[in-house]
Amino acid sequence: MDSSTNSLDDASADSSTEFPDRASMMEVRLQAQEDEITLLKSSLADALRRIRLHDQLLPLLKQQLIAVNPGAARVLNQVCCSDSCSSSRKLSLSSAADGIRHPATSQLSDSIMTNTNGHIGSSVSMQPIPKPTTTDRSTQTEPTLPGQDTGHDRVLLHRRVQSLQLEDALPPGQPVVEGTRGKLHRVPGLEEEDEEQEEDEEGVEQEKDLSWMSSVEEPIQPTTIRGLQREDFQDGSCSPEEPGPGSPSVRSIDQNLSSRSGPLTTIQEGEKKPLVRRNSEKLGNPERQRKRLDKKAASSANLLTRSPSLENRAKELIASAGSPGSRRGTYGQGQSIKMFIRGRPITMYIPSNIQNYEDLKMEPPSERLELDWVYGYRGRDCRANLYFLPTGEAVYFIACVVVLYHINSRTQRHYRKHTDCVRCLTLHPDKVRVASGQTSGVDKDGKPLQPCVHIWDSTTLVTLQQIGLGTFQRGVGSVAFSFADSGAFLCVIDDSNEHMLSVWDCNKGTKHAEVKSTNEAVFAVEFNPSDSTNIITCGKSHVYFWTLNSGQFTKKQGIFGKYKKPKFIQCFVFSLTGDVLTGDSEGNILTWGKSAADVKTLGKGAKETFQIMRQTRAHEGSVFTLCPLQGGALLSGGGKDRKIIRWSADLAPERECEIPEKYGAVRTIADVDGEELLVGTTRNAILRGTFSDGFVAIVQGHVDEMWGLATHPSQNIFLTCGHDRQVCLWNTEEHKLDWCITLEEYGLCAGFCPNGSVVSVGLSTGRWMVLDLLTREVVSEFTDGNEQLSVMRYSPDGSFLAVGSHDNFIYIYNVTESGRRYARFGKCNGHSSFITHLDWSKDGKYIMSNSGDYEILYWDIAAGCKLLRNRFESKDREWASYTCVLGFHVMGVWLEGSDGTDINALCRSHSERMVAVADDFCKVHLFQYPCPKPKAPSHKYDGHGSHVTNVCFTHSDSHLLSMGGKDTCILQWSVMGGGVIDSRERLASASSTSTSSPEPATS
C-alpha cells in the first residue's frame, strides 16, 4: 500500500484513544439525555390525551347530573362562571428539577379518589403526594413516604382544579344513590393513527376552555386509571404481563391505549395513583399551549410504542456502555447489543431464534480461499517489468503479486511473498531466478513497513534471499543483476531523497557497497555485461557512469556537449560493441562512447569522459523502452506515436508497427523468439503479436481506481467500473475481458437485473444508465440528484430498483419490460448522511440501508417508501443479499478500535454460510456467517496493494472477486472446502468463543 493511502482519520483515531473516557462518556450522556427528553415529552403527551378525554366527557356528565337532580344546575353554573373568570390565569406546573410543590402539581391525582364501589370521593387529600422514585442519573431521587416531611411547605389544593364531585351537585343531606351515577361513555377516535390525529387538530381549534375534570363510571364497569410505569422491571417489581404476588389477578386494561403508551400499570378501585408530570413548562394561554402540544402528541406519544421502555433504554445506554471509550457495549435486557464506532453507539437487535447470545460460538469458516486468477498489469507508472521465461511464461506484476502467465496454456502461477506493492522486476542471467522489489507502505496502525528485495526461484516459487530489509527507504525503484560474473551481485536503487545506490552479494545477502546517487528521479540501473565493476544509471536530465573499486564508487556524468539536453533519459541498453544506447523524452536514441582525455583543454589531470557519439531520431514523443535482440538488432517503443520499430545493428530502421490507441503507449517490450513479441502498455495491457500479424491483448485491466463490482445472477461473468470511465465485462471461466466501453463520466457502482439481460451502472454525477449485455447499448438513462451514486440494487424479483446516492436519498424505481423500462416509484428520505450500502428483503418489500454516519435504517417500500422507526420489528427479517457493513449478523467483522471507514464492503455468500470483507488495509477476510460477536475469527488473505474497495461472490459461490482501489487489480479467488452446516444451525450453537485463526499460508 502506497504511503499516499494514509488518511487523517488514522491520526484522529490515535488522538481519540488518548482521551477515551471523556469522549465516549460525553457521547453516552448525550444519548441518555436525548432519550430522557423523549420520555418526558411522551409522558406529557399521554397526560394531555387524558385531559382531552376528561374534557370531552364533561358535557355528558353535566347532562346526566342535571337529569338526575335539577338542583345540580346551580352548582355547575357556579363552577363554569369561576372557570371563565379565571381563564386568563397561568397554570404553573412544577419542574422535576426544582422539586417545589405548587398547587397545580397535585393535578388530577389528588382529585381522583375512588372507593371500593367506584364512587368519587368528596374530599381532597391534604397530604403531599409521594414523589416517584427515579433511577435516571440526571434526575435521581429517593422515595418519599406519605407521612414523611419533604422539606417544603404544604400547600392546599385550589378549589378550581379539583374534580367535580357528585355529592357537590346534590342537596345537603341527600344520599348518593347507586342508580343515579353517570355512565362512563368511551369517546371514540382517541386511539386513532397518526394520520387521523391531523384531522383532530383542526377540531381542537374550536374546543372551549374547560376545567380539568375527573370521570365517573357505572358500578358495573369498575374504574381503571392508567399511569406510565417508571419502575425498572428488573428491580423486582412486576411487569404488566406478570402481576406481583400482592396484585389482584383481574385488571381492566384497554389494549389500544396500552399499545400506544407502552408499559402501563392499572389502578384498582379504591387505590390512589398519582399521575406523574415531569419536565413541565409554564403555560401562558392554557388552551393555546394545549393545542400546540396536542400537535406533538401524534408523533411523540407513539415513541413509547417503538420501544418497550424509553426510560429503560436510557438507563441501559449508560449501563451498557462498559468502560469509557470502549467500542462495544454489553448484552442488554435480552433484546439488543450495542457497538461503538468512534464513540457513537449503534444498537443491534438480537433475532428471536437466539436464546443465549453470550454462549454463541464463533469459529472461522470451514471454507478457504485460494488465488485463482489475477486480472491486470501495472504498466502505467512502472518500467522494465515484463520478461519472458524459457518455460513459456511471461513474468510481470500488479499490486503485491508477481504473475507467471503461460501464454500458450493460459494458466497462471503467483509469487505472493511481498507485503506491499511490487515496484520493479529483473531476470537473472540463468533465466530462472527473479528479483523483485517492493515499496514500503504502512500497516493498519500507520507504522511504516520496511521495503526489501526478494530473490526467488521462478520454478518452485521459493524465496532464496531477502535483500535489504531495514536498509532501503520508502521503496525500491530499480534492480539489476550482474552478467559478467553470472549474476553474483545485485544492484539496487531505493526511493529515498538521495536515491541510494547499493550493491549486494546475492548468495550471502550482504551489502557490498553503497553511495548516494542523485536527488533527481532515477529510472533505470544496469551492470555493464562485460564488466561488473561498471554500472550505469539514468533518469531526470542525467546519465551517470559508475565504477566500483574496493567497495568505493566513483561517478562520471555523461556530457551532452552540442546536443540538446533532454528532460528525461527514459531507458538504456548495451550494444554488442559495448556502446551505451539511451532513449530520451525528445524521441531520440543517443549513442554514448568513451572519449580520450582532453589534455589540451583540461591539462595533465584530465580524465576520459563519456560523450554522445551519435543521435538517431526514432519516435515522436518519448522513447520509453529499448530491447536488444540476438544478432545486434534493436527494438524501440514510442510513447506519443505508439510505434514499435525494429532497428538494425547500425541503427537503420527495418520494420515498424503501431499498436491500437485504446491500449496506450508502449511501456516495455519482451522478446519471445526473435519474431514474436510481448508488449506492455501504459494502459495496463499486455499485447502479443508480430510485426506482420499485428498485436492482440492477452492481459487487460483498469487504469485508475475501481469501486463498482457486480456478478451475474446465473452466468460466470462479472462487471467492473471505476474512475477511468471504463465499464468492463469479464469472464471468470475463460479469465478474459469480454467487452469494454468508455463512458463520459466515471462509474462507481453497478447491479445486474435478476433476469440477467441488463445491468445498471451508477455514475459520479447522479446519472445512471442501463446497458444491454449483448448489444452494449444504453436502453435507459436517468438522473437522480447531482451527487455521486454509491449503490444500485434490484429487488429479488426484479420489479424494483433501489438507487443509493450521496445526497442522502434512496430512489426507488418500478422496473418493467425485463429491466428495460423504469418509472419513479418513490424516494426514501431519512438518512442524515450519504448512502453507503443497501439490501432488499427476500420478499422484496423492505430495504435495509447504511449511511456514512454509521446509521442503520429500515424501509417499507410496499407501503410507499415509509421509514420503519421501530427497528426492533426488523430483527427477524430475512434478506436476499447482505452487503450492509453494519448489522447484527456481521457485527463481528469489525476490529476493535475501528473508525467506521476501515471496512469498505462485505458480501454474504448465496449459501448464507460465509461473508467476505474488504478492508482499508489491503486485506480480504473470510468470516463465518453469521458472525454477531466481537472479535470473530476469520481467514485473512494478502494480495492487494491498496485499500480493497469491493468484494462479491459469483452466482454459484465457486469464486470470490475482490477489487483493489489504487492498485487497479482484480483478484479472483477459488472457494475451497466447506461443509453443509446451515447458518441457522450456527446461530443455535452454544459454546465458548473460539480464538482467532492464524493467517492462512500463502503460496
Side-chain angles (χ1 to χ4, degrees), residues 383-384 424 473 476-480 482-484 489-503 512-575 577-618 622-626 636 651:
R383 310 161 191 274
C424 55
Q473 296 183 23
V476 179
S478 301
V479 290
S482 59
F483 285 84
F489 294 97
L490 179 73
C491 183
V492 181
I493 293 183
D494 69 7
D495 287 334
S496 64
N497 292 335
E498 295 82 11
H499 295 93
M500 301 298 296
L501 170 64
S502 56
V503 175
H512 185 60
E514 185 179 37
V515 67
K516 295 180 181 180
S517 63
T518 177
N519 290 331
E520 302 290 352
V522 179
F523 294 155
V525 60
E526 286 288 349
F527 282 94
N528 189 318
S530 58
D531 186 359
S532 296
T533 61
N534 292 333
I535 300 173
I536 299 178
T537 63
C538 72
K540 183 178 180 180
S541 302
H542 74 268
V543 177
Y544 291 147
F545 299 83
W546 303 85
T547 302
L548 178 60
N549 188 9
S550 301
Q552 299 294 325
F553 281 101
T554 57
K555 178 177 69 173
K556 293 183 180 180
Q557 184 172 358
I559 306 299
F560 289 91
K562 64 179 180 179
Y563 297 97
K564 180 182 178 181
K565 187 176 184 179
K567 186 175 182 180
F568 297 103
I569 303 296
Q570 305 278 10
C571 55
F572 69 90
V573 294
F574 290 90
S575 67
T577 60
D579 294 331
V580 177
L581 305 178
T582 63
D584 59 37
S585 56
E586 299 295 326
N588 298 319
I589 297 178
L590 303 178
T591 303
W592 297 79
K594 186 183 299 184
S595 63
D598 189 355
V599 180
K600 294 181 180 179
T601 305
L602 301 178
K604 291 185 177 181
K607 299 180 180 179
E608 59 184 8
T609 60
F610 293 89
Q611 297 181 352
I612 299 175
M613 311 299 295
R614 179 183 177 185
Q615 177 178 284
T616 305
R617 182 65 177 173
S622 293
V623 179
F624 278 144
T625 182
L626 294 172
S636 65
L651 292 182

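What's counted below: heavy atoms across the whole structure, side chains too, no hydrogens, waters or symmetry copies.
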I'd like to check [X] versus [Y] (side-chain heavy atoms, cut-off strictly below 4.5 Å). Are they in contact?
{"X": "Ile536", "Y": "Asn528", "result": "no"}
{"X": "Cys491", "Y": "Leu501", "result": "yes"}
{"X": "Asn588", "Y": "Thr616", "result": "no"}
{"X": "Glu586", "Y": "Val623", "result": "no"}
{"X": "Ser541", "Y": "Lys565", "result": "yes"}
{"X": "Leu651", "Y": "Thr591", "result": "yes"}
{"X": "Ile493", "Y": "Thr537", "result": "yes"}
{"X": "Phe523", "Y": "Ile569", "result": "no"}

For the student: nearest non-hydrogen atoms of [X] and [Y], plus distance:
{"X": "Phe553", "Y": "Glu514", "answer": "CE1-N, 3.9 Å"}
{"X": "Gly593", "Y": "Asp579", "answer": "CA-OD1, 4.5 Å"}
{"X": "Lys516", "Y": "Glu498", "answer": "CD-CG, 3.7 Å"}
{"X": "Gly583", "Y": "Leu626", "answer": "N-CD1, 3.8 Å"}
{"X": "Ala484", "Y": "Ser532", "answer": "CB-OG, 3.4 Å"}
{"X": "Ser595", "Y": "Gln611", "answer": "OG-CD, 3.7 Å"}

Distance in Å, [X] [atom1] paired with [Y] [atom2], rounded so as to fall on 0.5 Å steps:
{"X": "Cys424", "Y": "Arg383", "atom1": "SG", "atom2": "CZ", "result": "12.5 Å"}
{"X": "Glu526", "Y": "Ile535", "atom1": "CD", "atom2": "CD1", "result": "10.0 Å"}
{"X": "Asp494", "Y": "Ser502", "atom1": "CG", "atom2": "OG", "result": "7.0 Å"}
{"X": "Asn497", "Y": "Glu520", "atom1": "CG", "atom2": "CD", "result": "11.5 Å"}
{"X": "Phe560", "Y": "His542", "atom1": "CZ", "atom2": "NE2", "result": "9.5 Å"}
{"X": "Ser482", "Y": "Leu548", "atom1": "OG", "atom2": "CG", "result": "11.0 Å"}

Step-by-step ring-ring contact (aromatic ring centres under 6.0 Å, His included) determination, Phe574 to Trp592: CA-CA 10 Å; Phe574 290 90; Trp592 297 79; over 10 Å; no
Verdict with reasoning, Thr533 to Trp546, per side chain to side chain contact (heavy atoms under 4.5 Å, CB included): CA-CA 8 Å; Thr533 61; Trp546 303 85; over 6 Å; no
Enclosure of Lys555 NZ (heavy-atom neighbours >12, cutoff 6.0 Å): yes
Polar side-chain atom of His499 near backbone of Ser517 as donor-acceptor pair, under 3.5 Å: no
Side-chain H-bond candidate by donor/acceptor type, Ser585 with Ser622, under 3.5 Å: no
Aromatic ring pairing Phe610/Phe545, orientation class (parallel under 30°, perpendicular over 60°, tilted between): parallel
Among Asp584, Ile589, Leu590, the one residue meeting side chain to side chain contact (heavy atoms under 4.5 Å, CB included) with Gln615: Leu590
Check: Phe489 ring centroid to Phe527 ring centroid under 6.0 Å: no
